[in-house]
A.B. asks: 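Have a look at this one.
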Amino acid sequence: MASASSGRLLCWVESLILGLGVPAAIWVISKLISISVPAAVHGTPGQRFLLWIAGGVIVEWSFVIVLWFVLRTRGSSFKDLGVWRLGTWPAWVMAILFAALTIGSNLRFLPRMHVPISYAFLPRGFHLVAALLLESPPDSVKKYCFAPF
């Protein structure tokens with residue numbers, strides 16, 4: 001019984017560290033970028049946005065790299081966690097429905113920002129880079145790791 005409660009406590013401690021540590025790390029890295037890179041404050045809107053999301057991208061990729069090292073030391077891999085599986089068709093239907101809902105609800109903002117609506121479905125240039133950075137593979141891995149909690 002003691003090992004089950006200590007395992008549960010360890011799980012909660014790890015969840016708190018990740019749940020509070022990841023946003024704190026994103027904030028710290030973003031502040032460092034805004035202090036050290038002048039374009040983060042005085043650049044074009046595109047430069048400012050990319051530098052603003054860079055903190056999150058750096059922390060998320062660091063999270064995946066650390067997780068990969070931890071898995072390697074335990075003799076496991078992402079495949080053992082089930083990260084690389086394709087999923088089930090009901091999961092894909094739900095994901096596509098939520099994506100359509102999210103995209104549809106945000107379409108109203110694009111004309112106000114002078115962004116063509118077609119960029120929501122076929123992003124180009126800066127918008128493609130921003131879309132790939134915002135929904136990167138580390139973000140998907142992180143969502144999978146937090147899913148049980």
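We use all heavy atoms of the structure for the numbers below, so side chains are in, but hydrogens, waters and symmetry mates are not.
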A.B. asks: Less than 3.5 Å apart, which donor and acceptor atoms pair up between the side chains of residues 21-36 and the rest of the protein, not counting sequence neighbours?
C.D. replies:
from	atom 1	to	atom 2	distance (Å)
Ser30	OG	Ile26	O	2.8
Ser34	OG	Ser30	O	3.4
Ser34	OG	Lys31	O	2.9
Ser36	OG	Leu32	O	2.7

A.B. asks: Rounded to the nearest 0.5 Å, what's the gap from CZ on Arg72 to CG on Leu67? Could you check?
C.D. replies: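 Between Arg72 CZ and Leu67 CG, I get 12.5 Å after rounding to 0.5 Å.
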A.B. asks: Counting only pairs under 3.5 Å, give me each side-chain donor-acceptor contact of residues 43-50, with atom names and distances, residues two or more places apart or in other chains.
C.D. replies:
from	atom 1	to	atom 2	distance (Å)
Thr44	OG1	Gln47	N	3.2
Gln47	OE1	Thr44	N	2.9
Arg48	NH1	Gly43	O	2.9

A.B. asks: In the single-linkage hydrophobic clustering (I, L, V, M, F, W, Y; side-chain heavy atoms under 4.5 Å), do Phe63 and Ile65 co-cluster?
C.D. replies: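 Yes, because Phe63 and Ile65 connect within a single hydrophobic cluster, where side-chain heavy atoms sit under 4.5 Å apart.
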A.B. asks: Do Val41 and Trp52 share a hydrophobic cluster, counting only Ile, Leu, Val, Met, Phe, Trp and Tyr and linking them when any side-chain heavy atoms are less than 4.5 Å apart?
C.D. replies: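 Val41 and Trp52: separate clusters.
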